[in-house]
Amino acid sequence: MQALVLNDPATFGQEFMRQTQLQGFGSLTKRDLELLIFVLLERDGAIDRAVSNHAAAAQLRVTPARLKALRRDGYARWRQLVAEPPEAALPRILATVLTAENLRAGARHVSERSRKEGFLAVRIEHPDDLARFEQAILDVGALPVYERNREVVAVRFDTLLRLAERGGHLQPDPQAVARQLRELAPAAQEVAELLRKDLDQLRWEDVRNALNALGARAVAGSLEGGVRGVLRVAFPFLG
């Protein structure tokens with residue numbers, strides 16, 4: 001069992017005391033106190049928000065189901081303590097879930113037919129992060145799709161591209177993106193067609209169509225270089 005160690009005990013204690021005083025001593029229920037302590041533990045980093053429910057549950061010696069409920073109810077009750085604007089939350093969530101390991105794990109929960117239709121399986125265990133991701137999908141006019149597991153969202157690559165555009169993550173220069181695509185998949189037909197155009201007259205719509213086509217092929221498994229390479233073009237912060 002991994003011992004819990006606070007990164008900033010003073011701040012943790014000060015915030016705990018502040019909240020109990022603001023609410024009135026003794027007025028918080030046992031459940032309120034549990035949720036407060038849990039949210040402060042994640043805010044401190046003693047419990048990594050990015051770790052799985054199973055790993056976090058082991059730290060607290062509770063079941064994964066109870067840990068999931070702590071994450072869900074804790075952020076609903078004490079969200080003001082971990083305020084995070086959407087423009088900061090989405091990159092953090094995507095950087096956590098769009099890892100090679102998570103993409104492999106998510107792929108086990110989506111059908112081959114969905115992959116061929118360009119749906120990428122994204123596994124998000126933290127209930128609050130999942131809710132934020134679902135809302136981001138709705139905000140760009142798409143719908144989250146579930147197949148075999150409610151913690152796995154099937155999302156089309158073009159929806160991810162819309163998220164990248166909305167968040168301002170994409171390189172705004174279409175010529176620069178075209179050069180990235182040439183390095184990523186020089187033999188791809190979509191890239192060859194794109195580069196046959198006059199680069200000085202290249203429109204973002206042309207680049208978007210090529211990137212969407214490459215993304216769909218990568219999700220289906222027919223593009224050498226894989227999904228991560230195409231995702232890095234849309235989300236440079238993935239590294």
Residues joined to Leu138 in its hydrophobic cluster, side chain to side chain under 4.5 Å directly or through other members, sorted by chain and number, are Leu143

Using a 4.5 Å side-chain heavy-atom cut-off and chaining through intermediate ILVMFWY residues, the residues clustered with Val145 come out as Phe119

From the list Val177, Asn209, Asp173, side-chain contact (heavy atoms from CB on, under 4.5 Å) partner of Trp204 resolves to Val177

Give the C-alpha distance, both sets of side-chain angles, the deciding distance and a yes or no for side chain to side chain contact (heavy atoms under 4.5 Å, CB included) between Arg217 and Phe157. CA-CA 10 Å; Arg217 285 182 54 196; Phe157 185 86; over 6 Å; no

Exercise for the section: Please check if any side-chain donor atom of Glu151 sits under 3.5 Å from a side-chain acceptor atom of His126, or the reverse. Expected result: no

dist Phe16:CZ -> Gln21:CD (nearest 0.5 Å) comes out at 10.5 Å

Applying salt bridge (Lys or Arg N to Asp or Glu O under 4.0 Å) to Glu15 and not counting sequence neighbours gives Arg18, Arg43

Discussion item. So does Asn53 get a backbone contact from the side chain of Glu125, meaning a donor-acceptor N/O pair under 3.5 Å?
Written reply: yes

Output for pair (Lys68 NZ, Asp73 CG), nearest 0.5 Å, gives 11.5 Å

Those residues at least two apart in sequence (or on a different chain) that pass salt bridge (Lys or Arg N to Asp or Glu O under 4.0 Å) with Asp8 are none

Fill in: Joint cluster assignment, Leu4 & Val51, ILVMFWY side-chain distance < 4.5 Å
no

### Message
Please determine whether the number of non-hydrogen atoms from other residues, nucleotides or ligands lying under 6.0 Å from atom CD of Glu101 exceeds 12.
### Response
no

Across all chains, not counting sequence neighbours, the side chain to side chain contact (heavy atoms under 4.5 Å, CB included) partners of Glu34 are Lys30, Arg31, Arg66

Sorted by chain and residue number, the side chain to side chain contact (heavy atoms under 4.5 Å, CB included) partners of Arg72 (sequence neighbours excluded) come out as Ala69, Pro127

task = Report yes or no: does Thr159 contribute a side-chain atom to a donor-acceptor pair with the main-chain N or O of Val155 at less than 3.5 Å?
result = no

Residues at least two apart in sequence or cross-chain that pass ring pair (Phe, Tyr, Trp, His ring centres under 6.0 Å) with Phe12, listed by chain then number, are none

For Ala50 and Thr96 the tightest heavy-atom approach is CB-CG2, 3.5 Å

**OP:** Verify the cluster assignment for Leu28 and Leu41: are they in a single hydrophobic cluster under the rule of side-chain heavy atoms below 4.5 Å apart?
**Re:** yes

Nearest heavy-atom contact between Arg228 and Ala100 is CD-N, 4.0 Å

| query | With the 4.5 Å side-chain cut-off for hydrophobic clustering, are Phe235 and Val122 part of the same group? | reply | yes

### Task
Without swapping roles, check the side chain of Asn7 against the backbone of Asp44 for a donor-acceptor pair under 3.5 Å.
yes

Here the salt bridge (charged side-chain N to carboxylate O under 4.0 Å, His left out) pairs for residues 85-100, sequence neighbours left out, are Glu84-Arg92, Arg92-Asp129

#### Entry: Verdict with reasoning, Ile137 to Val153, per side chain to side chain contact (heavy atoms under 4.5 Å, CB included)
CA-CA 10 Å; Ile137 292 173; Val153 182; 4.0 Å; yes

Taking every heavy atom of Val230 against every heavy atom of Ala218, the minimum-distance pair comes out as CG2-CB, 4.0 Å

For Asn212, the side chain to side chain donor-acceptor pair (under 3.5 Å) test, sequence neighbours excluded, returns none

So CG of Leu67 and CZ of Arg61: to nearest 0.5 Å the spacing works out to 14.5 Å

d(Leu33 CG, Gln23 CD) to nearest 0.5 Å is 10.0 Å

Leu211 and Val233 have their tightest heavy-atom pair at CD1-CG1, 4.1 Å

Sorted by chain and number, sequence neighbours left out, salt bridge (Lys or Arg N to Asp or Glu O under 4.0 Å) with Glu165 holds for Arg208

Assess the residue pair Leu70 and Val39 against the criterion (side chain to side chain contact (heavy atoms under 4.5 Å, CB included)); give the C-alpha distance rounded to whole Å, side-chain angles, the decisive distance to 0.1 Å, and a yes or no.
CA-CA 8 Å; Leu70 284 170; Val39 168; over 6 Å; no

Nearest heavy-atom contact between Val152 and Ala121 is CG1-CB, 3.8 Å

In short, salt bridge (charged side-chain N to carboxylate O under 4.0 Å, His left out) pairs touching residues 131-143 with sequence neighbours left out are Asp128-Arg132

Rounded to the nearest 0.5 Å, the CG atom of Leu36 sits from the CG atom of Leu81 at a distance of 6.5 Å

To the nearest 0.5 Å, atom OG of Ser114 lies from atom CG of Leu120 at 11.0 Å

Just checking Glu193: does its CD atom have more than 12 heavy atoms from other residues, nucleotides or ligands closer to it than 6.0 angstrom? yes

Sorted by chain and residue number, the salt bridge (Lys or Arg N to Asp or Glu O under 4.0 Å) partners of Glu205 (sequence neighbours excluded) come out as Arg203

>> Is it the case that the side chain of Arg123 and the backbone of Asn102 share a donor-acceptor pair, with hydrogens and angles ignored and the cut-off at 3.5 Å?
In response: no

Exercise. Give the C-alpha distance, both sets of side-chain angles, the deciding distance and a yes or no for side chain to side chain contact (heavy atoms under 4.5 Å, CB included) between Leu94 and Phe133.
Key: CA-CA 9 Å; Leu94 292 175; Phe133 185 62; 3.7 Å; yes

What one should report as the nearest heavy-atom pair of Gly74 and Leu35 is N-CD2, 3.6 Å

